[in-house]
Structure formats: structure tokens, C-alpha cells
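So the structure is just underneath, and the comments pick up after that.
Values reported hereafter were calculated over all heavy atoms of this structure, with side chains retained and with hydrogens, waters and symmetry mates removed. All of these numbers come straight from a predicted model, not from anything done at the bench.
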Amino acid sequence: VTQTRYVTTGGSYLSQSELTATFGLSQATSITRLTVHWPDGSQGEFPNLAAGAIHTIQQGRGVTRAEPLRLRP
């Protein structure tokens with residue numbers, strides 16, 4: 001399954017667009033490959049990311065943080 005999300009910066013006066021791309025993975029335990037296309041035309045590929053986590057990815061640095069998703073009771 002391939003899923004696509006676009007993240008855009010900016011917004012309007014006193015507001016901000018959501019900068020998190022969220023993907024529904026159903027019963028999957030990992031993401032086979034995440035490809036990020038950066039605004040400057042470069043791209044990064046990140047294989048085998050764990051499901052159920054928040055991954056922080058920075059251009060030129062890769063995955064800089066991965067923390068488990070906390071579900072509220």
C-alpha cells in the first residue's frame with residue numbers, strides 16, 4: 001500500500017498549518033519504506049520505521065527522534 005501526504009508551512013494571521021503527517025497502518029507493525037521529497041528537490045529514504053511511534057525527521061540529518069505514541073485511556 002502506498003500513502004501520500006503533503007505538508008505545507010504557513011497559514012494565515014495568528015494561525016499555523018499542521019506540520020505532522022499522519023498515516024494509518026492498520027495491523028502493520030512497521031513501515032517498509034518512507035520517502036520524503038524535500039522542497040529543494042532532494043529526497044530521503046527511511047526504511048523499517050516502527051509503527052505506533054512519532055518519528056521526527058530533519059532534512060540532512062535523517063530520523064532525529066522516535067518516541068512511542070501515547071494513547072489516552
Side-chain angles (χ1 to χ4, degrees):
V1 173
T2 299
Q3 296 183 39
T4 303
R5 300 288 183 276
Y6 294 93
V7 176
T8 58
T9 60
S12 60
Y13 181 69
L14 295 177
S15 70
Q16 174 64 42
S17 300
E18 175 76 29
L19 298 179
T20 302
T22 304
F23 297 90
L25 302 176
S26 188
Q27 300 299 317
T29 58
S30 67
I31 300 165
T32 304
R33 181 181 66 226
L34 173 69
T35 303
V36 177
H37 297 271
W38 299 104
D40 69 358
S42 65
Q43 76 178 37
E45 291 203 2
F46 309 95
N48 303 316
L49 297 175
I54 298 172
H55 301 278
T56 302
I57 300 173
Q58 294 180 344
Q59 185 177 9
R61 295 184 63 203
V63 178
T64 59
R65 185 176 186 176
E67 60 184 87
L69 185 61
R70 294 185 201 115
L71 300 176
R72 294 182 181 165

Minimum heavy-atom separation for Ala28 and Ala51, please, with both atom names. O-CB, 3.4 Å

Spell out, yes or no, whether Leu49 and Trp38 are grouped together once hydrophobic residues are joined by side-chain heavy atoms under 4.5 Å, including indirect joins. yes

Counting heavy atoms not belonging to Arg70, are there more than 12 under 6.0 Å from its CZ? no

Write down the atom of Ala50, the atom of His55, and the distance for their closest heavy-atom approach. O-NE2, 2.9 Å

As an exercise, state the distance from OG1 of Thr32 to CG of Asn48, rounded to the nearest 0.5 Å. 7.0 Å

Quick check for you: to the nearest 0.5 Å, what is the distance between Glu45 atom CD and His37 atom NE2? 8.0 Å

Flag side-chain contact, heavy atom, 4.5 Å: Ile57 against Phe46: yes

Considering all heavy atoms, the nearest Phe23-Gln3 contact: CD2-OE1, 3.4 Å

Could you see if Ile31 belongs to whatever hydrophobic cluster contains Val63? Use Ile, Leu, Val, Met, Phe, Trp, Tyr and a side-chain cutoff under 4.5 Å. yes

Determine the minimum heavy-atom distance between Leu19 and Thr8, stating which atoms define it. CD2-O, 4.0 Å

Spatial distance of atom CD (Glu67) from atom OG1 (Thr56) [nearest 0.5 Å]: 6.5 Å

